[in-house]
There are 2 protein chains.
Amino acid sequence: MELGHVTRLDDVARALGVSTATVSRALSGKAGVSSEVAERVRRTAAEMGYVANVHARTLAGGTTTVIGLVVHEIGDPYFTEIAGGLVEAAEQNDLLVQVCHAGRDPGRELKQVRSLVAHRVRAVVLAGSGHTDPEVDADLRALLDGFTARGGHVVAIGRRHLESDALLPDNTGAGATLARHLLELGHRRIAVLGGPPGLTTVQDRLAGIHSVLDGREDVELHVLETDFTRDGAATAAVEVVERWPRTTAVLALNDAMAIGVLDTLRRRGVRVPEQVSVAGFDDVAVAAQLSPSLTTTRFPLTEMGREALQLVLTPPSGEARRRRVDHQLITRESTAPPPQE
Amino acid sequence: MELGHVTRLDDVARALGVSTATVSRALSGKAGVSSEVAERVRRTAAEMGYVANVHARTLAGGTTTVIGLVVHEIGDPYFTEIAGGLVEAAEQNDLLVQVCHAGRDPGRELKQVRSLVAHRVRAVVLAGSGHTDPEVDADLRALLDGFTARGGHVVAIGRRHLESDALLPDNTGAGATLARHLLELGHRRIAVLGGPPGLTTVQDRLAGIHSVLDGREDVELHVLETDFTRDGAATAAVEVVERWPRTTAVLALNDAMAIGVLDTLRRRGVRVPEQVSVAGFDDVAVAAQLSPSLTTTRFPLTEMGREALQLVLTPPSGEARRRRVDHQLITRESTAPPPQE
DNA sequence: TACCATAACGCAAGCGCTTACGGACAGCGC
DNA sequence: GCGCTGTCCGTAAGCGCTTGCGTTATGGTA
């Protein structure tokens, strides 16, 4: 209970009749203390319920045990899974994760990163798409450069424009794979629900799709720009149904959007996949349980979160480590051959 | 770029020819500085890219802008939605959220909270079920008591045993509602997939179920203890199918588990709801998109996260504020009358 | 025995900020 | 003119920890 009082390093030192220096060294396992004393210190500290003041420690030059994670949409399963892998791995390494929600707004993102830097976090992990316009990220990069220069570590997931360690999902390949899949099923009138054009993920996935579909005279392709969210896609799907009612396949640029599309189609009484096929990206955990289950491409998101932490833990080598993450086509119920005319 | 150097308060002060005290006061909007000077300070600080060192500030007695969130399972949508509401609301108030994963292990939880306390977070939000055994939480409560005594703020979501501000979902009511729902559909052979008995949420939901089903001679009720996770339920569902093949309804104590049940039944070729009805708790976002969509009870999770932040922001009044959160039955495809014999 | 490395520990100077306290100065009433 | 109040600002004392350096004890070596 002990209202209002926290045991400090000094209290422990006094209780043992040693100096704070000794206690400090003993507790952080540094050399310069005999093992018996160290043991006694540790025991007493534990008994007294001593917990080091993180701020004092950090200020004095010790190292932080917090890493920052910046995501676009905390509610999006894509990020949830990454966060899950990261937080769990962090916990195993006695690290804490500070989660920031940037809402796909570069300004907000900048603010969040600034705050993380101010907290002297050990590392910043940036998850999600970068911006195609290098200008947008200019401030961010300057900030991150300063951060790394002072010993901070930056790990990106899918931000290929950043010169940091990175996990780079093969978005272009995934786009191509899905386009090919639809083509092989026989679809020729395809709608793509794209996100805001400023995002590299959007750009890459679209590029993959175009690389397969462009130049084919028998293919009618409509690309709709919309919000990169489930609701955005749900609304856009209405437009697809009304403007191009003969569409036989809708390709959403992520699973959240695909779910939105399924939702709209269900409400409108359009049967999937009998009348319209739907596919997404990312193979979010629930994709398999959807009604109908969703054809998508898989990136090992949880695994990527864990791997990001591994990068955090291993000190940055001379040059940036960039690992490409491969995709995998997951064929499920939501795609099928188009209806006979 | 400026490798290795961060602008400090002192740098700003020197640039302006004033004392650090003045700069400090100006930046934190305290009295004692003329408005012109304050304005000049703010401008110069911004120009120099000054960002206060959070640790120094906190150590010197300033207040933190971090709040800690402890969840049982970061991957569980239940917590994800709460976290989503919380993180978003926090962002709007210039607060950072530190997320901890306790994995339903009191020891780990304790460790995480200890770490949060060491970080002098402004508030600790504990989400998820408490433990029925008061002993288990004894250490935790001592820790939290110390924390509040030093001005910390504790907000619980669903931890009715803690004497803090709390949001208390009506789990008992929800259990009763679902049991009644199954009964009304005509189900008489019901299996319940419960979680570990040490959790109050499990206890409360079960209590609600029992309050409706107990004493009815025509009802055959089997309660299975299992892991409170999707995989745990998936495994348990196998057991249900094999041991009590005539079961017509499976009630899982949360949606994640219900999803696991659906998964198992699908694999086994058992049709839902034609042969077996399935229901869950919480109305996680994907419940509506499942195949088949899931009957469940809704708690406004995202809203609860937001509300928790509101509690964090409003200073604790004399006595704990405890708000009960009502549930709502969401009837969907996964429940229907049992098959004719 | 004298000398020096080595180990074990204490001293004290910070880390970058906040804030009590006090000084300087202006304005006011008497 | 004096004193008083109030405003604006600087001085300096910490906040609780880490760590470089100095001191002392210890043992090994020539």
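Order of the sequence lines fixes the chain letters, A, B, ..., with proteins taken first and strands second; residue numbering starts at 1 for each chain. Just so you know, these numbers come straight off a predicted model, no measurement behind them.
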Requested in this report: Return yes if a side-chain donor-acceptor contact under 3.5 Å exists between Ser164(A) and Arg322(A), otherwise no.
Outcome: no

Query - Residue pairs passing the side chain to side chain donor-acceptor pair (under 3.5 Å) test where at least one lies in residues 72-88 of chain B, sequence neighbours excluded - result: none

Requested in this report: Give the B/S/- string for nucleotides 17-26 of chain C, one per nucleotide from 5' to 3', where a protein heavy atom under 4.0 Å of the base yields B, of only the sugar-phosphate yields S, and otherwise -.
Outcome: BBBB------

Query raised in the report: Who pairs with His131(A) by side-chain hydrogen bond (donor to acceptor under 3.5 Å, both in side chains), at least two apart in sequence or on another chain?
Result: none

Requested in this report: Might you point out which heavy atoms bring Val54(B) and His55(A) nearest each other, and give the distance in Å?
Outcome: O-CD2, 4.5 Å

**Report entry** Flag for Thr200(B)-Ser129(B): side-chain donor and acceptor within less than 3.5 Å
**Finding:** yes

Query raised in the report: Among Arg141(A), Arg114(A), Arg159(A), whose salt bridge (charged side-chain N to carboxylate O under 4.0 Å, His left out) with Glu109(A) holds?
Result: Arg159(A)

Query - Validation row: Val18(A), Val12(A) side chains within 4.5 angstrom (heavy atoms) - result: no

Query raised in the report: What side chain to side chain donor-acceptor pair (under 3.5 Å) pairs are there with at least one residue in residues 18-32 of chain B, not counting sequence neighbours?
Result: Ser19(B)-Thr22(B)

Query raised in the report: What are the bounds, 5' to 3', of the part of DNA chain D that sits under 4.0 Å from heavy atoms of chain B?
Result: dC8(D) to dG16(D)

Requested in this report: Indicate whether any N or O donor in one side chain lies under 3.5 Å from an N or O acceptor in the other, for His161(A) and Asp137(A).
Outcome: no

Query raised in the report: Taking DNA chain C as the partner, which of residues 34-47 of chain A come within under 4.0 angstrom of it by heavy atom?
Result: Ser34(A), Val37(A)

Query raised in the report: Should Val66(B) and His119(A) count as side-chain neighbours, where that means a heavy-atom distance under 4.5 Å?
Result: yes

